[in-house]
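Treat the numbers as computed from the prediction; the structure is a model and nothing was measured.
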Amino acid sequence: MVNQVFINGDGHKEARPVTNRKDYVALRNAAENAKNFYDARGGDEKAKALQVQFNYNDLLPDGVVKGCRHPSSTFAHDIDCGNAEEQAIIRDELLRKKDEIGLLELSGSARWGLHAVCRRLPGRTIRECQYALSMATHTEYDTNARGLARVMFTGPATDDNLFYLDDAIFEEPLTVAESEAEYLLLKEREQRGEEEVPPEAKKANKHYRPWEDSESKEIRSQGEVLDEKKSSSLEYNGIPYEDIIRKWWELYNEGREPKKNNRDVLTFELAVNLRHICGFDRELMASVIPCYDGFPVEQKMKCIDSALAERRTMMPKRLKDVLQSLTPGRMNVTEEPHSMLNSKH
């Protein structure tokens, strides 16, 4: 979702939707905007504030920016870079993982930073999405740059400054009513402390680098979980989870475990099914699902979190078939009552 934000005749901020590439590029490539961008790059602070402004975080259905409460399906992410060389390195990393992070637009800023716009995961706050993006790409970010009214001061859409643009950015799947419901859901998650981010992500930090110590913490945490969940807790109906997973790959991947080029998709698919016999327990799933082919722990957890965010259904037939093949003497394989723990549906 793209809205241009501008000052109206009464001196108030107002917004209007930008619904196609042609208009978006024309706004950015206006001669005055290009001049302000390069003047700002030369150190002119006033010129920086005169660049065209876009909001990507809110639908802004009535055109009023103040007090906005309609989260869109996209979110903006501001990354500081020290110089052109650092910008190029981080730019290439973001582009390399564009599908993984849901990248829709990537531009340079006047001070050699980067502005990324990505698809927001349904039911997840901007804070959660920014944290996940940072962990996936090892790029620092400003923890305060997450408000729905947040704008980006944007330079020209030239080849050397607009690095990526997907036309899907102009498509907004959320209706106003759905967005209003999403706003209430996200506020409730924040108020209840249910956001899946560490405490440090909620503190003011213009240069937050969460990956630096998270991996060691995650590995230590998983080790503790394994120690706590020995014996029967690492079994389902008397069948070790490792046997269930081995049978899964035997039936559905010709006996091969995931490799680097497919481990994201296959780990997610395994997790979507396995959650039904893990009580939708994130820690238990983290304990029993391996990190395949050098999979970073934080990336495996991202797959598990995405699986847990999927709509809950009855136990899938493919999982039932796996269990049946391991328990031929049992006629009816069903979900244990504990598998619906923490269910909100």
Side-chain angles (χ1 to χ4, degrees), residues 96-97 99-102 121 132 135-136 196 215 218-345:
R96 187 173 70 85
K97 296 189 175 182
D99 294 332
E100 178 183 331
I101 64 177
L121 290 174
M135 290 296 293
E196 295 183 8
E215 184 168 350
E218 191 73 55
I219 292 172
R220 184 170 63 253
S221 172
Q222 299 310 323
E224 292 168 356
V225 170
L226 282 170
D227 290 340
E228 293 172 1
K229 296 179 182 265
K230 293 291 184 182
S231 64
S232 61
S233 64
L234 290 182
E235 298 178 347
Y236 172 76
N237 278 1
I239 311 170
Y241 283 106
E242 62 181 357
D243 290 350
I244 295 171
I245 294 173
R246 188 181 302 113
K247 177 60 71 172
W248 175 270
W249 299 131
E250 179 184 321
L251 293 182
Y252 305 123
N253 200 41
E254 299 180 344
R256 297 192 297 268
E257 292 185 343
K259 295 297 182 183
K260 188 173 182 179
N261 63 343
N262 62 15
R263 62 193 181 188
D264 284 86
V265 173
L266 293 183
T267 298
F268 169 77
E269 184 178 336
L270 173 65
V272 166
N273 284 268
L274 210 62
R275 61 186 180 151
H276 291 269
I277 57 172
C278 287
F280 295 86
D281 184 329
R282 184 175 186 264
E283 289 187 347
L284 179 57
M285 292 174 68
S287 300
V288 301
I289 296 176
C291 287
Y292 291 108
D293 199 18
F295 213 10
V297 172
E298 65 267 18
Q299 189 59 29
K300 179 185 79 171
M301 296 308 299
K302 184 176 180 180
C303 292
I304 290 174
D305 289 339
S306 295
L308 288 171
E310 289 287 299
R311 183 174 66 88
R312 298 188 182 185
T313 63
M314 299 298 291
M315 183 187 290
K317 182 180 183 301
R318 293 210 299 170
L319 180 59
K320 288 184 179 181
D321 290 345
V322 168
L323 297 175
Q324 188 68 52
S325 70
L326 292 168
T327 56
R330 303 182 186 184
M331 298 304 295
N332 295 310
V333 177
T334 58
E335 284 186 86
E336 290 284 289
H338 79 274
S339 70
M340 294 306 292
L341 286 176
N342 302 323
S343 175
K344 297 182 180 179
H345 302 281

Where do Y241 and C278 land on the side-chain contact (heavy atoms from CB on, under 4.5 Å) test, with the steps shown first?
CA-CA 9 Å; Y241 283 106; C278 287; 3.7 Å; yes
Show your reasoning for whether side-chain contact (heavy atoms from CB on, under 4.5 Å) applies to L266 and W249.
CA-CA 10 Å; L266 293 183; W249 299 131; 3.9 Å; yes
With side-chain contact (heavy atoms from CB on, under 4.5 Å) as the test, would you mind laying out the steps for Q299 and K302 before giving the verdict?
CA-CA 5 Å; Q299 189 59 29; K302 184 176 180 180; 3.8 Å; yes
Decide side-chain contact (heavy atoms from CB on, under 4.5 Å) for L323 and N237; before the verdict, give the C-alpha distance in whole Å, the side-chain angles of both, and the deciding distance to 0.1 Å.
CA-CA 10 Å; L323 297 175; N237 278 1; over 6 Å; no
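Note: R318 CZ to L270 CG = 10.0 Å, rounded to the nearest 0.5 Å. Remark: M315 CE to I277 CD1 distance equals 6.5 Å, nearest 0.5 Å. Of the inter-residue distances, the one linking E269 atom CD with L274 atom CG reads 12.0 Å to the nearest 0.5 angstrom. Between N262 atom CG and T267 atom OG1 the span is 8.5 Å, to the nearest 0.5 Å. How far CD of E298 is from CG of D305: 12.0 Å, rounded to the nearest 0.5 Å. To the nearest 0.5 angstrom, I289 atom CD1 is 11.0 Å from F268 atom CZ.
Checking side-chain atoms of R275 against main-chain N and O of E310 turns up a donor-acceptor pair under 3.5 Å. Using a distance-only test at 3.5 Å, with no hydrogens or angles considered, a donor-acceptor pair links the side chain of K97 to the main chain of A136. Distance alone, capped at 3.5 Å, places no donor-acceptor pair between the N253 side chain and the G255 backbone.
Every residue was checked against the side-chain contact (heavy atoms from CB on, under 4.5 Å) condition with A132, not counting sequence neighbours, and none meets it. With sequence neighbours left out, D321 forms a side chain to side chain donor-acceptor pair (under 3.5 Å) with K317. Residues that satisfy the side chain to side chain donor-acceptor pair (under 3.5 Å) test with W248, not counting sequence neighbours, are absent from this structure. Residues passing the ring-ring contact (aromatic ring centres under 6.0 Å, His included) test with F295: none are found, sequence neighbours excluded.
Of all heavy-atom pairs spanning A286 and M301, the tightest one is CB-SD, 3.6 Å. Smallest separation of non-hydrogen atoms from I245 and Y292: CG2-OH, 3.2 Å. Of all the heavy atoms in P240 and G238, the pair that sits closest is CD-O, 3.7 Å. Nearest heavy-atom pair across H276 and L319 is CB-CD2, 4.1 Å. The nearest pair of heavy atoms linking P258 to D293 is O-CB, 3.9 Å.
Identified under the salt bridge (charged side-chain N to carboxylate O under 4.0 Å, His left out) test for residues 252-268, with sequence neighbours left out: E254-R256. Pairs of residues two or more places apart, or lying in two chains, that qualify as salt bridge (charged side-chain N to carboxylate O under 4.0 Å, His left out) and include a residue from residues 239-251 are D243-R246, K247-E250.
At least one side-chain heavy atom of L234 sits under 4.5 Å from a side-chain heavy atom of L284. Looking only at side-chain heavy atoms (C-beta outward), F280 and M285 stay at 4.5 Å or farther from each other. Counting heavy atoms from C-beta on, the side chains of V297 and C291 come closer than 4.5 Å.
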